[in-house]
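Report on the following structure.
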Amino acid sequence: MAKVALVTGGTRGIGRSITERLVKDGYKVAANYAGNAEAAGKCAAELGVKAYQWDVGDYDACAAGIAEIGKDLGPIDILVNNAGITRDATLHRMTRQQWDDVIRVDLTSAFNLCRLTIEGMRERNFGRIINISSINGQKGQIGQVNYSAAKAGLIGFTKALAQENAKKGITVNVICPGYIDTEMVQAVPEKVLEGIIATIPVGRLGKAEEIAGCVSFLAGSDAGFITGATLTANGGQYITG
Ligand code: NDP
């Protein structure tokens with residue numbers, strides 16, 4: 001029986017590439033999204049998956065979404081916490097709303113979805129949880145105190161959850177992409193982007209498919225002994241120990 005994967009924010013950008021790759025790998029994939037119905041419809045039609053609209057920051061909405069996926073495809077074996085937003089401002093200008101929005105969507109979402117799927121994974125003695133953090137959670141970034149905090153939080157979250165569930169056949173890992181060529185990065189002013197690329201040793205932005213390949217590896221059987229790991233994929237821009 002094909003395993004069931006949920007990719008949050010799975011209809012655009014990196015998430016869409018992850019959805020596409022997991023479909024190719026033979027999983028039954030549910031792609032979640034927030035509100036861009038056009039992108040979701042296109043993704044669903046082109047990849048042959050069902051798109052599920054809900055806000056990952058809302059616990060009750062997550063519970064309803066997971067229940068719907070359960071009816072359509074079965075219980076979730078592979079959870080990819082990919083949905084994320086930015087609300088950039090330096091701290092001295094940041095509003096409470098900008099802080100709260102990013103923490104809620106980029107960090108609390110992982111609690112919501114893991115909390116709602118982990119008991120089933122533990123009962124079935126299998127699970128793969130893959131969190132998508134960021135280079136900016138590792139190194140910090142001016143104008144992104146909220147985002148850097150949420151993404152660093154995901155790394156600690158991953159390490160703790162990995163230990164709690166290691167004996168239950170569940171692996172929990174986190175990927176830290178560098179700058180990937182998606183709408184999120186295309187929104188950065190051209191001059192700033194040129195400056196960023198100059199700091200990437202491989203001399204280019206990453207591709208969404210390259211992050212999808214990392215997810216595919218961590219979801220697969222070859223990665224069964226890898227848990228609590230931080231997989232850095234950033235073209236050498238920030239090299240960690
Ligand atoms: P995009 O903005 O291209 O896509 C974001 C996806 O997340 C969309 O499908 C969007 O849905 C969904 N989403 C946003 N908010 C919510 C929400 N509240 N509930 C459910 N779904 C939501 O992002 P990227 O592909 O660029 O980024 C994907 C992940 O990778 C993020 O976590 C990001 O922080 C991380 N990342 C990205 C990097 C990059 O260079 N792009 C670098 C490092 C990390 P909808 O289409 O409906 O809006």
Side-chain angles (χ1 to χ4, degrees), residues 1-11 14-15 18-19 21-33 49-52 54-84 104-133 150-151 153-176 211-231:
M1 267 276 280
K3 292 196 162 59
V4 175
L6 165 61
V7 184
T8 68
T11 56
I14 295 172
I18 296 170
T19 298
R21 178 62 191 262
L22 294 182
V23 167
K24 272 199 193 120
D25 289 348
Y27 301 110
K28 291 192 273 182
V29 186
N32 149 270
Y33 70 105
V49 299
K50 187 167 166 190
Y52 297 82
W54 82 82
D55 173 6
V56 292
D58 177 338
Y59 187 88
D60 293 336
C62 288
I66 287 168
E68 201 186 338
I69 294 165
K71 275 192 213 129
D72 291 345
L73 304 177
I76 291 162
D77 303 299
I78 298 158
L79 169 63
V80 186
N81 286 310
N82 164 79
R104 191 173 157 279
V105 175
D106 294 10
L107 181 58
T108 305
S109 60
F111 167 78
N112 293 343
L113 287 151
C114 290
R115 180 67 191 86
L116 288 159
T117 53
I118 199 83
E119 288 182 71
M121 290 179 183
R122 288 172 65 89
E123 276 160 25
R124 295 188 303 279
N125 279 299
F126 181 86
R128 293 277 186 269
I129 296 173
I130 300 155
N131 297 318
I132 307 297
S133 174
K151 294 298 190 179
L154 270 183
I155 297 172
F157 178 99
T158 298
K159 291 177 180 178
L161 192 63
Q163 292 176 60
E164 287 180 7
N165 292 284
K167 284 205 166 59
K168 290 285 181 184
I170 301 167
T171 67
V172 189
N173 293 292
V174 58
I175 299 171
C176 291
I211 304 306
C214 297
V215 172
S216 169
F217 168 65
L218 290 172
S221 54
D222 284 344
F225 200 52
I226 301 175
T227 195
T230 304
L231 180 53

What's the verdict on side-chain contact (heavy atoms from CB on, under 4.5 Å) for N82 and I18, showing C-alpha distance, side-chain angles and the deciding distance? CA-CA 9 Å; N82 164 79; I18 296 170; 4.1 Å; yes
Kindly indicate, with the supporting measurements, whether the criterion side-chain contact (heavy atoms from CB on, under 4.5 Å) is fulfilled by L6 and L113. CA-CA 10 Å; L6 165 61; L113 287 151; 4.0 Å; yes
Let me see the working for K168 and E119 under salt bridge (Lys or Arg N to Asp or Glu O under 4.0 Å), right down to the final yes or no. CA-CA 10 Å; K168 290 285 181 184; E119 288 182 71; over 6 Å; no
Applying side-chain contact (heavy atoms from CB on, under 4.5 Å) to F111 and F157, what does each step give before you reach the verdict? CA-CA 9 Å; F111 167 78; F157 178 99; 4.3 Å; yes
Could you walk me through whether Y27 and D77 pass the side-chain contact (heavy atoms from CB on, under 4.5 Å) test, one step at a time? CA-CA 10 Å; Y27 301 110; D77 303 299; over 6 Å; no
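Atom CG of L116 sits about 9.0 Å away from atom CG of D60, to the nearest 0.5 Å. Within the model, atoms NZ of K167 and CG of N125 stand 12.5 Å from one another, a figure rounded to the nearest 0.5 Å. Annotation: the span from I211 atom CD1 to I14 atom CD1 amounts to 6.0 Å, rounded to 0.5 Å.
Considering all non-hydrogen atoms of both residues, I130 and A219 come closest at CD1-N, 3.8 Å. Between L161 and C114, the shortest heavy-atom distance links the atoms CD2-SG, 3.8 Å. When every heavy atom of G224 is checked against every heavy atom of T171, the shortest pair comes out as O-CG2, 3.7 Å. The minimum heavy-atom distance between A229 and T158, with the atom names listed, is O-CG2, 4.5 Å. Listed here is the closest heavy atom pair of A223 and F217: CB-O, 3.2 Å. Heavy-atom minimum distance, V4 versus P75: CB-O, 3.3 Å.
Side-chain N or O atoms of D106 include none that pairs as donor or acceptor with a backbone N or O of A150 at under 3.5 Å. A distance-only check finds a donor-acceptor pair linking the side chain of S133 to the backbone of K151 [under 3.5 Å]. Judged by distance alone, with hydrogens and angles left aside, the side-chain atoms of T19 form a donor-acceptor pair with the main-chain N or O of G10 at under 3.5 Å. Without hydrogens or angle criteria, N165 side chain to I170 main chain gives no donor-acceptor distance under 3.5 Å. S109 places a side-chain N or O within donor-acceptor distance of the main-chain N or O of V105, the cut-off being under 3.5 Å.
At a threshold of 4.0 Å, the pair K159-E164 does not count as salt-bridged, since none of the basic side-chain nitrogens sits closer than that to a carboxylate oxygen. Between D72 and K28 no salt bridge is recorded (no basic side-chain N to carboxylate O distance below 4.0 Å). Between D58 and R104, none of the side-chain N atoms (NZ, or NE/NH1/NH2) sits under 4.0 Å from a carboxylate O, so this pair counts as no salt bridge.
For the pair V49/V23, a side-chain contact is recorded, criterion being any heavy-atom separation below 4.5 Å from C-beta on. You'll find the side chain of M121 reaches within 4.5 Å of the side chain of I129, heavy atoms only. Taking the side chain as every heavy atom from C-beta outward, R128 and V172 never approach each other to under 4.5 Å. A 4.5 Å side-chain heavy-atom check between L73 and V29 finds every atom pair outside the cut-off.
Using modelled atom types, one finds no donor on one side chain facing an acceptor on the other under 3.5 Å when comparing N32 with T8.
A cation-pi geometry, defined here as NZ or CZ lying under 6.0 Å from the six-membered ring centre and within 45° of its normal, holds between K3 and F126.
For the side-chain contact (heavy atoms from CB on, under 4.5 Å) test, residues two or more places apart in sequence or in another chain that qualify with C214 are I175, L231, A233.
R124 CZ: more than 12 foreign heavy atoms inside a 6.0 Å radius.
Checked options N173, T230, N81; the residue passing with N131 is N81 (criterion: side-chain hydrogen bond (donor to acceptor under 3.5 Å, both in side chains)).
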